[in-house]
Structures are given as C-alpha cells and as structure tokens.
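Below you'll find the structure, written out as structure tokens, and then a few comments.
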Amino acid sequence: GNNYICDNIPGCIESFAGFNYEYNKSGSPEFALQNCSSCKKEFSEYNNPPNNIVLLDDNVCFSGNDLEVLKEIIKSNTKLKGYKPLEIGKQIWKNGRITSLDLNNLNLEILPEIIGNLKNLKKLNIYSNKLTSIPNSIGELTNLLDLNIKNNRLVKLPESIGRLAKLNSLIVDGNNLSFLPNSIINLNKLVKIQINSNELKSLPDKICSLKLNKNKMQSFLSGNNFLCSDIPKCIEELPGYNYRYDKQGLPYFDPQNCTM
C-alpha cells in the first residue's frame with residue numbers, strides 16, 4: 001500500500017490481501033490505498049464507496065484528515081476490528097469532508113480525542129453504546145448542530161461542550177449524569193435538550209438563560225431524575241419537566257424521584 005501501482009497491475013497482485021495495506025508504527029497492518037487519483041494530496045479517492053456512505057455531491061475525494069479520525073475510532077474499539085474507515089456506521093460527506101456521522105449500537109467504549117478534528121461535522125449520533133466519557137475535544141466541533149449521546153454510561157459531560165455555539169439539539173438521556181456543566185448556558189442556539197432518565201439532582205444556576213420554548217414538549221425533557229428542590233421556576237413551568245419519550249417516541253409522564 002501507499003505506492004503508485006495504478007495501471008497494468010497483474011490480477012495475481014491485486015488479489016493479494018496486502019495490496020492496499022502497510023504496517024503502522026505499532027507493527028499492525030493498516031489500510032493504505034495506492035496513490036492513483038486526481039484528488040489533492042491530502043485526499044483519497046474512492047470511486048465505489050460502500051452503501052452506508054451518502055455523498056451530497058459527485059466528489060469521490062475523501063479527506064485524509066477525516067479518514068484518520070475514523071481509523072482511530074476503529075483502533076480504539078475492539079468491536080470494530082477488521083472494519084475500514086468508510087464501513088463503520090452511516091456517514092454523509094460533502095466536498096470531501098464528513099458532515100454527519102452515525103455510530104449507534106456499535107458497542108463503542110471509547111470516543112478518541114481526535115474526534116475534534118472533524119471540523120465540518122454538523123451531526124453526531126453515538127447513542128446506545130458503552131461510552132463512559134466524552135473527550136474535551138468535542139468542543140472543537142464548532143459547526144455541530146445535533147449531538148445525540150443518549151443511552152450510554154456517561155457520568156459527566158465536559159465543560160468544553162459549552163463551546164458548541166451552533167448546537168441546536170442536545171440529547172443525553174439514559175446516562176448516569178449527576179450534574180450538567182455550567183458552560184451549557186452558553187449554548188444560545190439550543191432549542192432542544194433531553195436530559196431525562198439520569199441521576200440529576202440540580203441544574204446550572206443560570207439555566208433559565210437558555211431560550212427554550214415553553215409551549216413545546218420536545219424543547220426540554222427531564223423526567224425520571226432527582227430534581228426535587230431548588231428547581232428554577234422557568235424549568236418547572238416547562239411541559240417536559242416530568243416527561244420522557246416512550247419507545248414509540250411519544251411523551252410519557254415520568255416524574256422526578258422525590259421521596260416524601
């Protein structure tokens with residue numbers, strides 16, 4: 001791999017498993033295509049990407065930076081061993097950059113720091129995995145609009161999440177969160193937040209500064225927590241304060257766990 005063997009290649013050579021591979025620094029085989037495309041140096045050409053890939057244009061040049069992130073996700077999670085970068089989850093690409101990444105139900109245990117290098121990412125779905133933490137680099141995804149990390153094993157969110165200035169939707173229900181980072185109040189574009197079914201006992205002091213719609217159930221769901229005392233009036237007045245969604249996606253009354 002990583003040569004310029006592009007034309008008039010004997011069939012017996014192309015059929016070798018190692019034709020597009022090289023050893024990495026750890027001595028393990030790593031996928032590395034031949035340099036046979038008209039793409040810019042920092043891009044790799046894939047003319048027939050797998051079916052889980054959606055291209056929003058006709059560009060078949062894929063950012064080497066973004067591919068490296070996908071490689072690191074594979075390397076960090078043993079359940080993904082044997083996969084190639086474009087084979088994991090569901091991916092949407094535009095202009096050679098990944099804009100949407102769905103890695104749901106893949107038994108992920110680690111989201112590597114390098115995730116912050118996906119500068120064009122607008123949507124990140126990593127729900128229903130086994131993640132116990134989210135790296136600080138999540139705050140570098142400054143174009144992110146939607147973040148769904150529900151049904152994992154998270155005990156906290158990084159303060160850097162407050163740097164996601166364009167974030168519209170934050171879904172973190174079904175984890176083990178006992179508090180939310182104070183920086184969450186900086187998410188001025190946030191119109192939807194689901195924090196139900198956690199271990200929350202309090203909320204950030206200035207959470208009322210979030211511009212949540214009091215007339216829409218889906219703007220704020222916090223049922224099945226431990227939000228029992230010193231709850232801001234603005235939160236108690238929200239229709240979703242004691243609600244969550246059921247399996248059919250319908251609002252379901254699930255009050256706070258407050259003992260008398």
Treating Ile, Leu, Val, Met, Phe, Trp and Tyr as nodes and any side-chain heavy-atom pair under 4.5 angstrom as an edge, say whether [X] and [Y] lie in one connected cluster.
X    : Y    : value
I110 : V69  : no
Y127 : L80  : no
I74  : L106 : yes
I73  : F31  : yes
I185 : Y241 : yes

Quiz item: After noting the C-alpha distance and the side-chain angles of I231 and Q256, does the key distance pass the side-chain contact (heavy atoms from CB on, under 4.5 Å) rule?
Solution: CA-CA 11 Å; I231 308 304; Q256 307 300 319; over 6 Å; no

Exercise. Apply side-chain hydrogen bond (donor to acceptor under 3.5 Å, both in side chains) to the pair N143 and K166, showing each step before the final yes or no.
Key: CA-CA 6 Å; N143 284 305; K166 297 182 180 180; 2.8 Å; yes

Any side-chain heavy-atom pair from [X] and [Y] closer than 4.5 angstrom?
X    : Y    : answer
V191 : S219 : no
Y23  : S28  : no
R97  : N65  : yes
W93  : I98  : yes
L164 : L187 : yes
L170 : I161 : yes
E109 : T132 : no
N175 : L157 : no

Quiz item: Will you find, in the side chains of E159 and S183, an N or O donor that is under 3.5 Å from an N or O acceptor?
Solution: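 Result is yes, a qualifying pair exists.
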
Quiz item: For N47 and E45, does a side-chain donor sit closer than 3.5 Å to a side-chain acceptor?
Solution: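 There is such a pair between these side chains.
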
Check the surroundings of atom [atom1] in [X]: do more than 12 heavy atoms from other residues, nucleotides or ligands lie under 6.0 Å from it?
X    : atom1 : value
F19  : CZ    : yes
N107 : CG    : yes
K119 : NZ    : yes
Y21  : OH    : yes

Quiz prompt | L111 and its side chain to side chain contact (heavy atoms under 4.5 Å, CB included) partner, picked from I149, I134, N77 | solution =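 With L111 as partner, side chain to side chain contact (heavy atoms under 4.5 Å, CB included) holds for just one option, I134.
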
Quiz item: Salt-bridged, K233 to E236, with N to O below 4.0 Å?
Solution: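 Salt bridge flag = no for E236 with K233.
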
Self-check item: Ion pair D173/K150, N-O distance below 4.0 Å
Solution: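 Salt bridge absent between D173 and K150.
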
Closest heavy-atom pair and its distance - [X], [Y]:
X    : Y    : result
I195 : N225 : O-ND2, 3.0 Å
Y4   : Q34  : N-OE1, 3.6 Å
F253 : P255 : CE2-CD, 3.7 Å
S100 : L121 : N-CD1, 3.7 Å
P85  : L70  : O-CD1, 3.4 Å
E22  : G1   : OE1-O, 4.5 Å

Atom [atom1] in [X], atom [atom2] in [Y]: separation rounded to 0.5 Å?
X    : Y    : atom1 : atom2 : value
L200 : N224 : CG    : CG    : 10.5 Å
N148 : D102 : CG    : CG    : 9.0 Å
C258 : K201 : SG    : NZ    : 11.0 Å
K79  : N129 : NZ    : CG    : 12.0 Å
L141 : I115 : CG    : CD1   : 6.5 Å
N52  : I88  : CG    : CD1   : 9.0 Å

Exercise. Look only at the side chain of S128 and the backbone of N104, and say whether a donor-acceptor pair between them is shorter than 3.5 Å.
Key: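 Checked: no pair found.
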
Quiz item: Has the side chain of N198 got a donor or acceptor atom that lies under 3.5 Å from a matching backbone atom of L154?
Solution: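 Absent.
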
Quiz prompt | Residue pair S137, E113: steps toward the side-chain hydrogen bond (donor to acceptor under 3.5 Å, both in side chains) verdict | solution = CA-CA 6 Å; S137 64; E113 279 285 343; 3.2 Å; yes

Exercise. Please lay out, stage by stage, how N95 and D57 fare under the test side-chain contact (heavy atoms from CB on, under 4.5 Å).
Key: CA-CA 7 Å; N95 295 325; D57 49 31; 3.2 Å; yes

Quiz item: Given the rule in the salt bridge (Lys or Arg N to Asp or Glu O under 4.0 Å) test, do K123 and D146 qualify, once you have shown the distances and angles that lead to the verdict?
Solution: CA-CA 5 Å; K123 183 177 181 180; D146 299 298; 5.8 Å; no

Quiz item: When you look at L227 and I235, which way does the side-chain contact (heavy atoms from CB on, under 4.5 Å) test go after all the steps?
Solution: CA-CA 10 Å; L227 300 172; I235 297 299; 5.6 Å; no

Practice problem: Apply side-chain contact (heavy atoms from CB on, under 4.5 Å) to N196 and Y252, showing your working. | Solution: CA-CA 11 Å; N196 55 278; Y252 177 83; over 6 Å; no

